2 protein chains.
Amino acid sequence: MNLKDLAATLGLSQTTVSRALNGYPEVSEATRKRVREAAREHGYRPDSRARSLATGRAMAVGLVLTTSARQEIVNPVFADFVASAAETLAARGYDIVMSLVTEAEQTAVYRSLLRKGRVDGLIMQAPLTGDTRIGILHKIGLPFVVHGRVSDHDEAYSWMDMDNRHAFHTATDHLLDLGHRDIALINGIEDMDFAHRRREGFIDALAARNLRPRPELMASAAMTESYGHDTAQRMLAQPHPPTAFLASSMLVGMGVHRAIREAGLQMGREVSVVVHDDGLSYLPNGTPEQPLFTATHSPVRQAGHLCADMLLRLIADPSEGPIHTKLQASFLVGPSTGPAPIQ
Amino acid sequence: MNLKDLAATLGLSQTTVSRALNGYPEVSEATRKRVREAAREHGYRPDSRARSLATGRAMAVGLVLTTSARQEIVNPVFADFVASAAETLAARGYDIVMSLVTEAEQTAVYRSLLRKGRVDGLIMQAPLTGDTRIGILHKIGLPFVVHGRVSDHDEAYSWMDMDNRHAFHTATDHLLDLGHRDIALINGIEDMDFAHRRREGFIDALAARNLRPRPELMASAAMTESYGHDTAQRMLAQPHPPTAFLASSMLVGMGVHRAIREAGLQMGREVSVVVHDDGLSYLPNGTPEQPLFTATHSPVRQAGHLCADMLLRLIADPSEGPIHTKLQASFLVGPSTGPAPIQ
DNA sequence: CTGAAAGCGCTAACAT
DNA sequence: ATGTTAGCGCTTTCAG
């Protein structure tokens, strides 16, 4: 049952039926009611393609993920982000069109997979440092919001980001305040812009106290539990081991914990750990076995909602120009002590 | 630049240009080449809506998630599933349209959010026992594949599922073979069909040896680390504690581990644990600290690919009728021993 | 091998 | 308040 049929059934024109259904004011209430009932009765649903073609609005936003961001998509944080973005978008009648593409196809795909008309705007995920996608997106001309930022990108663009630099600066400061001087950074892949910024925050905090990072205490790789474990284990076996760790995700943090336990060290006494994940920094130190998985509030959810909101604003009025949101990470201070006395 | 403009530029008709670009044989190679070059040069991209309207194919499949499945969407397994499904679909030129809807809107939304024409088929996720969505999907008439199954549903429908019952039967058998008799099941929410089946596998395995499950050793809730921990802790504090646990996810398993460590019990000697997640069962017993996160092969990835493949087959030929795939879970046997001798 | 014309289902000016 | 008409951009008969 399409509009034409429905109109015929009712003895009305397509126009009137369309107007009645879409809430236009110039339709008599009697007619509107009649039309609505008939529509419901016949289970009429407008064809989204036809409507989209006629209106120019797709009522969908795109989410493009590159295969190299694979690692990102399986990140629980990603799922949370998408879920909350989808929630906000769904409330406004928008769908999410997700495409997964290989690195090589990128340029082509940004134009063709998000073929003209399929979406009204885009959310770009997991930017790398010096990411070229922003230039492409600009050329496409669709409104877009970047979840994250791209260091060293000149053009203005809209973004929504955690303040990763500040989070790691604060976390490092905290450890420094506790008296730690040999702090290890177990970071994600530093091609990812967020990891890059985290590292900067770490180094800045050290520099502010005239300290230099020890290169052998900085690692960068995909954030798995075993990476956290192996790296921490190796660092702890060094002649001059770290007294504190900064772990760049929950999984990494768990690995670090494991290495510390295996080394027979006492968490929170001999070694401190700050874990940062999901926009949340915390110190599971004093209570080494405290659950790592029960954060009651999740900044990344907020991030998803915000990102979607921003995009909708941009779609409604592209002239609003580049807009930014910087989300402050939370820092949950747990019980903790300084480093073990020098032996 | 649309088809009309492109045709005008070339001094050809829209028809010829369309045919040239879509690989129809009746176009001369010379013309085709000329057209292709012009298309590339002008960055021509067909409008997906217009094409879809004309061909009837949307080149997209839908993925509907209800808000109550919230818990599911943040499950890392979900992200993995979607990623691999998207990969398969993208290779065939299909996008994924994701909609997140509230429980209440369900019926309406299945018809209207997936408005006619937006997608060619659907993947239904996270079915509950007695889920009513299948009936709705049938009425919509679009091809669909259920990831999971719905117990007690009469109509035939296409599905792709892990053999959860068998997995838990096997796992329970394994523990029984080791001599355990007091086995605890720390399950997910048993409204979810997969959890329901897991429980059945557990009970069946016990029944096969004339054993009854002890109700106080069976729990069902959202699969978090703290749930695993608190539940295991409570069970271990009972006068007649379990000697083995069956944990229904990695996170739950970690919680159980923590409770066991805290109770001062020796993993793999005094207490055994089988963890099942992501279609993989394993015994991290003998080496209590072995990484839980480094499974090298992930059945859920395969599930995503398979599910997408099935749907594409169904879209290509709906008459292929309901098709099913039952994916066997893997069982990784680690070092383990029987229960501690009765004191 | 190429083109003219119809139509996919809807909305939006432009009448009336 | 309702109808007429003209597209939106593409594919696809049907002619030539």
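As the structure is a prediction and not an experimental result, all values here were calculated from the model. Each chain gets a letter, A, B and so on, in the order its sequence line appears, and its residues count up from 1. In what follows, every heavy atom counts, from backbone to side chain, and hydrogens, waters and symmetry copies are set aside.
Here B:Ser52 lies out of heavy-atom contact (under 4.0 Å) with every strand.
With sequence neighbours excluded, no residue satisfies side-chain hydrogen bond (donor to acceptor under 3.5 Å, both in side chains) with B:Thr325. Here A:Thr31 pairs with A:Ser28 under the side-chain hydrogen bond (donor to acceptor under 3.5 Å, both in side chains) rule; sequence neighbours left out. Judged as a side chain to side chain contact (heavy atoms under 4.5 Å, CB included), and not counting sequence neighbours, the contacts of A:Glu320 are A:Arg313, A:Leu314, A:Asp317, A:Ile323. Under the side-chain hydrogen bond (donor to acceptor under 3.5 Å, both in side chains) criterion, A:Asp120 pairs with no residue at all, not counting sequence neighbours.
Across the protein-nucleic acid pair, B:Met59 atom CE and D:dG9 atom P stand 21 Å apart, rounded to whole Å. Between the CG atom of A:Leu10 and the C1' atom of D:dA1 there is a distance of 15 Å, rounded to whole Å. Rounded to an integer number of Å, the gap from A:Leu21 CG to D:dT2 C1' is 15 Å.
A rotation axis mapping the C1' atoms of four pairs onto the next four is fitted at both ends of the helix from C:dC1-D:dG16 to C:dT16-D:dA1 over five pairs, and the angle between these axes is 40° to 10 degrees.
Considering every non-hydrogen atom in both B:Gly117 and B:Ser52, the closest pair reads O-OG, 4.1 Å. For the residue pair A:Ala79 and B:Ala79, the shortest heavy atom distance occurs at CB-CB, 4.2 Å.
Between B:Ser28 and C:dC1, a side-chain N or O to OP1/OP2 separation shorter than 4.0 Å is absent. Remark: B:Thr16 is not in phosphate contact with C:dT2, judged by side-chain N or O atoms under 4.0 Å from OP1 or OP2.
Between B:His138 and B:Tyr157, the distance separating the two ring centers is not shorter than 6.0 angstrom.
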- Task: If a protein heavy atom is under 4.0 Å from the base, mark B; if only from the sugar-phosphate, S; if neither, -; do that for nucleotides 8-16 of chain C going 5' to 3'.
- Result: BBBBBB---
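Residues A:Arg149 and A:Asp161 are paired through a salt bridge, judged by an N-O separation under 4.0 Å between the basic side chain and the carboxylate.
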